[in-house]
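So the structure is just underneath, and the comments pick up after that.
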Amino acid sequence: MQRQKSILSLLQKPSPASQNGAVGEAKGQGASLFPSKQNLNGDVCGSSLEVTGTDTPPEKVPRKVLPVNFASNAEARGSSSLFSSIMHKFVKADDRENGSLRNLAADKSSDVEELPRVELTAKPSEKANVLNVENDDDLRPETPATRPGISRFKRIQDYFPTFGEKDNSLLDSSKRIKLLQESIVGNNNHKNDSDVASKFEWLDPSRIKDANGRRPSDPLYDKKTLFIPPDVLKNMSASQKQYWGVKCQYMDIVLFFKVGKFYELYEIDAEIGHKELDWKMTVSGVGKCRQVGIPERGIDDAVQKLVARGDKVGRMEQLETSQQAKARGANSVIQRKLVQVITPSTTVDGNIGPDAVHLLAIKEGNYGVENGSTTYGFAFVDCAALKFWVGSISDDATCSALGALLMQVSPKEVLYEHRGLSREAHKALKKYSFSGTKAVQLSPGFSTDFLDASEVRNMIQSKGYFKGSPNSYFNAFDGVVHHDFAMCALGGLVSHMSRLMLKDILQSGDVLPYHVYQGCLRIDGQTIVNLEIFSNSADGGSSGTLYKYLDNCVTSSGKRLLRNWICHPLKDVDSINKRLDVVEELMSHSEIMLIIGQYLRKLPDLERLLGRVKASIQSSASLALPMIGKKVLKQLVKAFGTLVKGLWSGMDLLRLLQKDADMVSLLSKVFKFPILSGANGLDEFLTQFEAAIESDFPNYQNHDLTDSDAETLSILIELFIEKASQWSQVIHALNCIDVLRSFAVTASFSSGTMARPVVLPQSKTMTSNQGGPILKITGLWHPFALGENGVLPVPNDIFLGEGVNDYTPRALLLTGPNMGGKSTLLRATCLAVILAQLGSFVPCETFVISLVDTIFTRLGATDRIMTGESVPPSC
């Protein structure tokens, strides 16, 4: 009861004299918005306020819903009210608010005095601070939903009335204080941002320069580097020098900096982490700059997300623990080093999918070439498979061969010499450089990256690159026509990978020759696009493409081999018929086809696992890192164990097929069947490694590491890699079986009639008696341009060349109305030729053809068969 009386005394209205005194003092102060410290401690709140609450923070202002004189009237009547039991919740807001403001002014008077002066006048109708409730139905809590929509500026006006009004209780409301506090914090934050900007003014876009002092407007500007003023670098702390010493050479990558148990991004990289990963940005870290961070347990997911959106990501790791650093001296800083850079074109881990990931380098040259043609040397790498390819092409102004190279390789990134490509080559890069629905990164380099052929040889020899190749890398250039240009392109590729810290791949990689057209059916880049071989014209996806139609492969490496076969259809009748014999045998023995599929589904990606294990021989430096060495070793144990078990499952399939003499005889004509048993067989050799895995790493999927595991695993891998070429032979055999089975599945489960093509040798079609090549097709239908509910398109017959009974013209002029099926027939014919020379069955009733060396398509290039759209070609 005593507490209720004390609280009720607060509800009494101050005397008019005290109110007038307070208002008069406010008028006397003139422009000041806040009463002085003396006023706050004296007359404003009156002498009746005994509890000031100086030791507690300001409380939330309760909503006043009772008249000011309600309490005094109730006491005068001497009767209880309906609100007596909850009267203490409806205290007088003015006194509590004034007390809160007095406490704030006493603690932070300097901050309040520095606030800007605000002169806002409130309208008379807006001055009331007490809600006189006339209807009990309105007694509900005040929420944003119950307020009318008022702009923020209007609300501020309401909370800032002038001191000239009689009722100025809103002047001291906690809401107003909250707004003022937010204003103070906002000003301080803005001040901090300006301080950071001034500290790193060399990062400002208007002042940024490369390492050579060039501005972005300079044609020779190198966006990969950054100029840091020497005096600024000199005044940096040791950790700052560690970070900026690396970052100034890698401005094109997102650089994670390891600090204890966290990885942090700074400045420009912090903006990427804030915008793309929704990480909270703070002003701290190295040199008190903008930074975002993530615990080390989440770094792998963060890197994968950034790489998936096209970023290049680097990691600076700690080379020692904090205890080791302190042992070197009290002021010693933990040593750090850039140990890894992952890019979309060089990634080997994560969910990269079954498709090959290629990085391509091109060198153009047109000096001394006849007929005005242009020569391109190229080199590209699949880091996950640990394979390099080199070659060269001669092209004309249409860049059709360059387009074919780009479509076949489908690179994620293309390196080329800055100002070293013609305008036509630039157009071709932009036209054909897409990987599915994503554009390819085009990365220009300087002449220092693309060295002369002799300098490239010296660099490779001095740094010990390609030592892991079973044959000398130089042997890959034997079949390359323009040797020097290809070597120069390889030099550009090697320089780029050296910068990305991929020396283990360079030292262990195999170098192979690559031919765009040699020995195969020639399909240029524009034809690949028009026929929708790998991507459709609607959305760039694989739906409604020849690759999708033929892709019934089970293994990832089989899918990559299928793509390579489609890029290079055969031009040898015997090789075509050997593939067709295997496909036909599989179709006639569906049980074998089923068993093969069951075995193949057990296999991991053996090709990439073998590449990773081979690369580990040269990656001993990463195993020595105190923070990530155990993690790398654990992943390597899992990869090696999975590889050994996978190879054993694959060899089980090969041993099973060996029991069928006819099948082995047919398969041996397509690829070299590996030797599994006998003195030089792989069975006994692989059995020893399987036993070693079971004894030393029984739980290789999640092995608990010991101190001796690194040495044991290193010895096992070195012995295993001695037969790397034999393991590659086994993997290639399994891939070929997977692709041939895919052809058989496609033919067996087709919606329409499928026929084995009859391919005639050129000796029987090019004699003077016969007269020329032949193309005879009956019942031809487009393989994947099906109608609604899978209805087949109308079949067609085509007869070109010399027939059996009468002469048939060698050319066919096809006319008809728009949407009449002209483009469909043209594409169906071209696709049938490709299928036939791949060694696959053809969607028709009968198919007889002479070998085709080139396919051109131009008309109907803009038709979208799968969407039922036809656009007339422009003339």
Side-chain angles (χ1 to χ4, degrees), residues 203 205 223-226 242-244 246-282 284-286 289-318 336-353 355-360 381-384 410-415 433-443 496-497 499-502 505 608 612 622 625 627-628 631-632 635:
L203 282 176
K223 64 180 181 180
K224 300 177 183 178
T225 62
L226 172 70
Q242 283 181 340
Y243 175 78
W244 289 110
V246 174
K247 182 61 180 177
C248 68
Q249 299 297 324
Y250 289 88
M251 289 298 292
D252 57 329
I253 72 171
V254 179
L255 182 60
F256 280 95
F257 189 76
K258 183 69 178 295
V259 181
K261 297 291 185 179
F262 288 84
Y263 286 90
E264 298 180 349
L265 299 176
Y266 304 120
E267 286 300 319
I268 300 176
D269 296 343
E271 293 180 4
I272 296 176
H274 176 64
K275 294 178 181 178
E276 302 300 334
L277 302 178
D278 198 24
W279 292 347
K280 183 179 180 181
M281 185 182 295
T282 60
S284 59
V286 177
C289 58
R290 296 175 296 170
Q291 70 101 10
V292 297
I294 187 174
E296 59 183 0
R297 64 178 179 273
I299 184 62
D300 292 334
D301 291 338
V303 170
Q304 288 185 15
K305 290 179 180 178
L306 291 172
V307 172
R309 65 178 296 271
D311 291 317
K312 302 176 181 179
V313 184
R315 289 167 62 173
M316 286 191 68
E317 297 287 351
Q318 297 179 176
R336 296 179 177 87
K337 180 183 178 182
L338 179 65
V339 299
Q340 184 183 41
V341 178
I342 302 176
T343 72
S345 59
T346 60
T347 181
V348 296
D349 297 325
N351 300 322
I352 59 178
D355 296 337
V357 179
H358 289 148
L359 170 64
L360 172 67
V381 59
D382 182 352
C383 293
S410 185
K412 294 287 185 180
E413 184 178 3
V414 179
L415 310 174
S433 292
F434 58 86
S435 178
T437 57
K438 294 184 179 180
V440 175
Q441 293 184 2
L442 302 179
S443 303
H496 181 78
M497 294 181 65
R499 181 175 179 267
L500 299 182
M501 317 298 293
L502 298 175
I505 297 177
R608 286 176 175 171
R612 184 170 184 176
S622 61
L625 297 176
M627 300 300 177
I628 66 172
K631 181 178 179 180
V632 173
Q635 292 174 348

| Going through the checks in order, is the side-chain hydrogen bond (donor to acceptor under 3.5 Å, both in side chains) test met by Arg612 and Gln635? | CA-CA 10 Å; Arg612 184 170 184 176; Gln635 292 174 348; 3.2 Å; yes
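- Counting heavy atoms from C-beta on, the side chains of Thr282 and Gln291 come closer than 4.5 Å.
- Other residues, nucleotides and ligands contribute over 12 non-hydrogen atoms within 6.0 Å of the NZ atom of Lys224.
- Put simply, the side chain of Gln249 does not reach to within 4.5 Å of the side chain of Leu338, judged on heavy atoms.
- Side-chain contact between Leu306 and Leu277 is present, with heavy atoms from C-beta onward closer than 4.5 Å.
- When all heavy atoms of Phe256 and Ala302 are compared, the closest pair comes out as CZ-CB, 4.4 Å.
- Rounding to the nearest 0.5 Å gives a distance of 8.5 Å between CG of Leu500 and SG of Cys383.
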| task | Could you give me the CA-CA distance, side-chain angles and deciding distance for Met316 and Val246, then say whether side chain to side chain contact (heavy atoms under 4.5 Å, CB included) is met? | result | CA-CA 9 Å; Met316 286 191 68; Val246 174; 3.7 Å; yes
| message | Does Leu255 form a side chain to side chain contact (heavy atoms under 4.5 Å, CB included) with Tyr266? I'd like the steps, not just the answer. | response | CA-CA 8 Å; Leu255 182 60; Tyr266 304 120; over 6 Å; no
| How far apart are the C-alpha atoms of Leu203 and Glu267, what are their side-chain angles, what is the distance that settles it, and do they pass the side chain to side chain contact (heavy atoms under 4.5 Å, CB included) test? | CA-CA 9 Å; Leu203 282 176; Glu267 286 300 319; 3.8 Å; yes
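- If you take CG on Leu265 and SG on Cys289, they are separated by 10.5 Å, rounding to the nearest 0.5 Å.
- Taking 4.0 Å as the cut-off between side-chain N and carboxylate O, Asp269 and Arg290 do not count as a salt-bridged pair.
- Separating the CD atom in Glu413 from the CD atom in Gln441 is a distance of 5.0 Å, to the nearest 0.5 Å.
- To the nearest 0.5 angstrom, Arg499 atom CZ is 7.0 Å from Ile253 atom CD1.
- With a 4.5 Å cut-off on side-chain heavy atoms, Lys247 and Phe257 do not count as touching.
- Listed by chain and number, the residues in a salt bridge (charged side-chain N to carboxylate O under 4.0 Å, His left out) with Arg309 are Glu276, Asp311 (sequence neighbours excluded).
- When all heavy atoms are compared, the tightest approach of Pro344 to Thr347 is O-CG2, 3.9 Å.
- Interatomic distance, OH of Tyr250 versus CE of Met501, reported as 5.5 Å (0.5 Å rounding).
- Of the inter-residue distances, the one linking Leu359 atom CG with Ser443 atom OG reads 8.0 Å to the nearest 0.5 angstrom.
- Nearest approach of Gly260 to Gln318, heavy atoms of both residues: N-OE1, 2.9 Å.
- At a threshold of 4.5 Å between non-hydrogen side-chain atoms, the residues Val341 and Val313 do not count as touching.
- Inter-residue side-chain proximity for Ile268 and Met251 is flagged as met; some heavy-atom pair is nearer than 4.5 Å.
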| request: List the steps, then state whether side-chain hydrogen bond (donor to acceptor under 3.5 Å, both in side chains) holds for Tyr263 with Glu317. | output: CA-CA 9 Å; Tyr263 286 90; Glu317 297 287 351; 2.8 Å; yes
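- Using a distance-only test at 3.5 Å, with no hydrogens or angles considered, no donor-acceptor pair links the side chain of His358 to the main chain of Ser410.
- Asp382 pairs by the salt bridge (charged side-chain N to carboxylate O under 4.0 Å, His left out) definition with nothing, not counting sequence neighbours.
- Take Asp300 and apply the salt bridge (charged side-chain N to carboxylate O under 4.0 Å, His left out) test, not counting sequence neighbours, and it matches Arg315, Lys631.
- Between Glu271 and Met281 the shortest side-chain heavy-atom distance falls below 4.5 Å.
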| query | What's the verdict on side chain to side chain contact (heavy atoms under 4.5 Å, CB included) for Arg608 and Ile352, showing C-alpha distance, side-chain angles and the deciding distance? | reply | CA-CA 11 Å; Arg608 286 176 175 171; Ile352 59 178; 3.4 Å; yes
